[in-house]
Novice: 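Can you keep this structure in mind? I'll have questions shortly.
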Amino acid sequence: RRLMLWVTGSAGLAALYGIVTYLAFLAITGGQRPRPALTEDWQHWLLYPYYNGAYPRGWRVIGTFFNDNYFGVWCFAIAFLAWQLSRERKQILVCGGLLFVAGLWTYSRSAMAGFLVGLLYLAVSQSRRLLWILPPAILLMLLLARPADYYRFLHPVDTIGGRLVSVQRAIDTLVHQPLTGHGPSGLFDLAYAKVAYELGWPGLL
């Protein structure tokens with residue numbers, strides 16, 4: 001239990017960092033693509049997640065993960081843990097709230113799927129009143145959503161990105177080079193497909 005409290009507390013700090021850097025990024029740059037040049041040292045320090053090269057084109061909360069999808073899923077997972085722990089320590093809800101906001105502002109469809117499944121589980125197992133979280137969640141998302149975010153949620157099939165290509169390359173590798181793979185490769189949009197392409201069946205297993 002002590003370890004879970006420590007994880008939740010540190011996760012709350014990570015969420016706060018993600019929110020602050022995201023709001024600063026929007027305020028200073030307007031979320032422009034490509035990134036505008038920064039003129040002050042403090043701007044480089046404050047906007048480090050968006051200017052370190054790991055996330056060159058996106059505009060969402062990425063926090064310490066430098067990835068909106070990973071960070072969003074993780075935020076909601078720990079937010080639900082915080083909800084459970086808050087029964088004993090009410091103050092842990094502050095961390096849960098920060099994680100909740102950060103997770104929403106990642107605009108990650110994977111994170112939203114995790115959020116909805118977790119919320120439905122708690123509503124069924126504990127209290128249906130928890131479903132009242134949905135209206136403020138939608139409002140928070142609409143608050144900073146950009147046109148591309150609306151499009152991604154309304155046209156999920158058209159915005160899969162390179163995932164289908166990654167899967168096709170991985171399947172081809174598993175059929176034709178099942179034991180060796182192709183070795184180290186560049187960026188893939190799907191971790192399992194990357195492993196299968198690089199290392200074949202041994203790596204995937």
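Throughout, numbering of the chain's residues begins at 1 and tracks the sequence. As the structure is a prediction and not an experimental result, all values here were calculated from the model.
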Novice: Y107 ring centre to R60 NZ or CZ under 6.0 Å, with the angle to the axis within 45°?
Specialist: no
Novice: If you take all heavy atoms of G96 and A79, which pair is closest and at what distance?
Specialist: O-CB, 4.0 Å
Novice: If you compare all heavy atoms of G72 against all heavy atoms of A111, which two are closest, and at what distance to 0.1 Å?
Specialist: C-CB, 3.4 Å
Novice: Is a side-chain N or O of R109 found less than 3.5 angstrom from the main chain of R152, in a donor-acceptor match?
Specialist: yes
Novice: Taking R57 for its side chain and R33 for its backbone only, find out whether a donor-acceptor pair lies under 3.5 Å.
Specialist: no
Novice: Do L204 and L199 touch side chain to side chain, with heavy atoms closer than 4.5 Å?
Specialist: no
Novice: How many angstroms lie between atom CG of L98 and atom CD1 of I78, to the nearest 0.5 angstrom?
Specialist: 13.5 Å
Novice: Using ring centroids (six-membered ring only for Trp), state whether F65 and Y70 fall under 6.0 Å.
Specialist: no
Novice: Find out if a path of hydrophobic residues (ILVMFWY) with successive side-chain heavy-atom gaps under 4.5 Å connects I62 to V73.
Specialist: no
Novice: Under 3.5 Å, side chain of S10 to main-chain N/O of W6, donor-acceptor pair present?
Specialist: yes
Novice: Under a plain distance cut-off of 3.5 Å, with no hydrogens placed, do W59 and D149 share a side-chain donor-acceptor pair?
Specialist: yes
Novice: Could you measure the distance from the OG1 atom of T8 to the CD1 atom of I92? Nearest 0.5 Å is fine.
Specialist: 5.0 Å
Novice: Check for a donor-acceptor pair, side chain of Q32 on one end and backbone N or O of T29 on the other, with a separation under 3.5 Å.
Specialist: yes
Novice: Specify whether F76 and F80 have parallel, tilted or perpendicular ring planes, treating 30° as the upper limit for parallel and 60° as the lower limit for perpendicular.
Specialist: tilted
Novice: Flag yes if L142 and L26 sit in one hydrophobic cluster, no otherwise; membership is Ile, Leu, Val, Met, Phe, Trp, Tyr, and two members link when side-chain heavy atoms are under 4.5 Å apart.
Specialist: no
Novice: Would you say the side chain of L116 lies within less than 4.5 Å of the side chain of L134, judging by non-hydrogen atoms?
Specialist: yes
Novice: So, do F25 and Q43 sit near enough that their side-chain heavy atoms are less than 4.5 Å apart?
Specialist: no
Novice: For residues M141 and M112, determine if any side-chain heavy atom of one lies less than 4.5 Å from a side-chain heavy atom of the other.
Specialist: yes
Novice: Under 6.0 Å between the ring centres of F66 and Y55?
Specialist: no
Novice: Hydrophobic clustering (ILVMFWY, side-chain heavy atoms < 4.5 Å, transitive) - are F71 and L144 grouped together?
Specialist: yes
Novice: Is there a side-chain contact between Q126 and R87 in this structure, where contact means two heavy atoms from C-beta onward sitting under 4.5 Å apart?
Specialist: yes
Novice: What heavy-atom pair brings P36 and Y51 nearest, and what distance separates the two atoms?
Specialist: O-OH, 2.6 Å
Novice: Do you know the tightest heavy-atom contact between G53 and P56?
Specialist: O-CD, 3.8 Å
Novice: Provide the closest heavy-atom pair for W74 versus A11 in the form atom of the first, atom of the second, distance.
Specialist: CH2-CB, 3.4 Å
Novice: Tell me whether Y121 at atom OH has more than 12 heavy atoms from other residues, nucleotides or ligands lying less than 6.0 Å away.
Specialist: no
Novice: Look at the side-chain heavy atoms of Ile, Leu, Val, Met, Phe, Trp and Tyr, link any pair under 4.5 Å apart, and say whether L205 and L174 land in one connected group.
Specialist: yes
Novice: Which residue, N69, N67, D68, forms the side chain to side chain contact (heavy atoms under 4.5 Å, CB included) with T106?
Specialist: D68
Novice: Less than 4.5 Å apart, any side-chain heavy atom of V167 and any of Y192?
Specialist: no
Novice: Quick check: is I133 connected to V101 through a chain of hydrophobic side chains (ILVMFWY, heavy atoms under 4.5 Å apart)?
Specialist: yes
Novice: Could you give the distance from CH2 (W83) to CG (L99), rounded to the nearest 0.5 Å?
Specialist: 14.5 Å
Novice: Between L23 and W105, is any pair of side-chain heavy atoms under 4.5 Å apart?
Specialist: yes
Novice: What are the two closest non-hydrogen atoms of A193 and S166, and how far apart are they?
Specialist: CB-O, 3.6 Å
Novice: Hey, what do you get for CZ (R2) to CG (L5), rounding to the nearest 0.5 Å?
Specialist: 9.5 Å
Novice: Would you give the length of the straight line joining atom CG of L13 to atom SG of C95, rounded to the nearest 0.5 angstrom?
Specialist: 6.5 Å
Novice: Can you find a pair of side-chain heavy atoms, one from I28 and one from L38, that are under 4.5 Å apart?
Specialist: yes
Novice: Is K194 reaching over with its side chain to a backbone N or O of A170, donor-acceptor style, under 3.5 angstrom?
Specialist: no
Novice: Using modelled atom types only, decide if a donor and an acceptor are shared between the side chain of E198 and the backbone of S185 within a distance under 3.5 Å.
Specialist: yes
Novice: Just how far is it from atom CH2 of W132 to atom CG of L119, taken to the nearest 0.5 Å?
Specialist: 13.0 Å
Novice: Give a yes-or-no answer on whether the side chains of H182 and Q177 include a donor-acceptor pair shorter than 3.5 Å.
Specialist: yes
